[in-house]
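Nothing fancy with the numbering, it's 1 onward along the sequence.
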Amino acid sequence: DLVGYGPRPNEVADWCRQTLRACVRGNHDKVSAGLDGMDGYNVVAMASLEWTKRQLSPANLEYLRTLTRGPLEYKQLW
């Protein structure tokens, strides 16, 4: 997760956009970008995610939306 935990989501996303060659979207990134709901999150996480959504710039929201898809569910075969 790039965002959803700390007080500077734009600064983190800006740094990632400028520095990283690859990044996988985490569940908090997915919710913050409006790609998933908050089912299963506790009230503290939900408050943090709502705040984060309001803080993110349009460019950083788009960056989170376009990150490589993750997390992925998988089914163990053995």
Donor-acceptor contact below 3.5 Å, side chain N27 vs main chain D1: no
Of all pairs that satisfy salt bridge (charged side-chain N to carboxylate O under 4.0 Å, His left out), the ones with a partner from residues 4-14, not counting sequence neighbours: D14-R17
Backbone of C16 reached by a side-chain donor or acceptor of T19 within 3.5 Å: no
Spacing of L35 atom CG and K30 atom NZ [to the nearest 0.5 Å]: 7.5 Å
Side chains of L56 and Y63 in contact at under 4.5 Å (non-hydrogen atoms): no
Expected output: side-chain D29 to main-chain V3 donor-acceptor under 3.5 Å: yes
Residues that, via side-chain heavy atoms closer than 4.5 angstrom, fall in one hydrophobic cluster with L20: W15
Donor-acceptor contact below 3.5 Å, side chain N42 vs main chain V44: yes
Results of side-chain contact (heavy atoms from CB on, under 4.5 Å) for L49 - residues two or more places apart only: H28, V31, S32, M38, Y41
Among N60, T66, L64, side-chain contact (heavy atoms from CB on, under 4.5 Å) partner for E62: T66
Closest contact, heavy atoms only, A33 versus R65: O-NE, 3.0 Å
Main-chain N/O of S57 paired with N10 side-chain donor or acceptor, under 3.5 Å: yes
Fellow cluster residues of Y5, listed by chain then number, with links counted only when side-chain atoms sit under 4.5 Å apart: none
Heavy-atom pair of closest approach, residues W51 and P9: CZ3-CD, 3.8 Å
Closest non-hydrogen atom pair between G4 and S48, with its separation: O-OG, 2.6 Å
Counterpart residues, side-chain contact (heavy atoms from CB on, under 4.5 Å), relative to D39 (two or more places apart): none
Donor-acceptor pair, side chain of R25 and main chain of T68, under 3.5 angstrom: no
